[in-house]
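Residue numbers run from 1 in the order of the sequence given.
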Amino acid sequence: MWFLAALIIPCLLVLLFARVTYNRYIAVLLTTALLVASYLKGYTDELHEIVADIASTIAGFLWAGRMLDHLKQK
């Protein structure tokens with residue numbers, strides 16, 4: 001269950017923050033800050049979940065780039 005959340009939630013966070021800030025770099029920075037805080041608090045302790053978080057963040061970064069390009073064209 002946690003693995004599926006690690007695959008989905010960081011991507012959605014990047015998209016949400018990119019939509020609010022209109023900057024995908026700031027969105028990734030905010031998402032990474034939240035992930036690091038959760039790692040330090042001990043909510044994530046398995047390596048495969050951390051790798052899934054990183055992969056999801058990268059996917060969100062790429063998807064946010066396309067979303068913001070589409071918004072700029074309108």
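- To the nearest 0.5 Å, the span separating CG on Leu16 from OG1 on Thr31 amounts to 8.5 Å.
- The two residues Ala64 and Val14 make their nearest non-hydrogen contact at CB-CG1, 4.2 Å.
- Residue Val28 is grouped with residue Ile58 when hydrophobic side chains (ILVMFWY) are merged at heavy-atom distances under 4.5 angstrom, including chains of intermediate members.
- A continuous path of Ile, Leu, Val, Met, Phe, Trp and Tyr side chains, each step under 4.5 Å between heavy atoms, connects Ile54 with Leu62, placing both in one hydrophobic cluster.
- Shortest non-hydrogen contact noted between Gly65 and Arg24 is CA-NH1, 3.3 Å.
- Within the structure, the ring-ring contact (aromatic ring centres under 6.0 Å, His included) test picks out the following pairs touching residues 44-74 (sequence neighbours left out): Phe3-His48, Tyr25-Phe61.
- Inter-residue side-chain proximity for Asn23 and Phe17 is flagged as unmet; no heavy-atom pair is nearer than 4.5 Å.
- In this structure the side chain of Arg19 never reaches within 4.5 angstrom of the side chain of Leu68, judged on heavy atoms.
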Indicate every side-chain donor-acceptor pair of residues 33-45 with a distance under 3.5 Å to a residue at least two apart or in another chain.
from, atom 1, to, atom 2, distance (Å)
Ser38, OG, Leu35, O, 2.7
Tyr39, OH, Asp53, OD2, 2.9

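- Within the 3.5 Å criterion, the main-chain N or O of Ala52 finds no donor-acceptor partner in the side chain of Ser56.
- When all heavy atoms of Ala27 and Ala18 are compared, the pair lying nearest together is CB-N, 3.4 Å.
- Contact detail for Ala6 and Pro10: the closest heavy-atom pair is O-CD, 3.3 Å.
- Hydrophobic clustering (ILVMFWY, side-chain heavy atoms < 4.5 Å, transitive): Leu30 and Leu13 are in one cluster.
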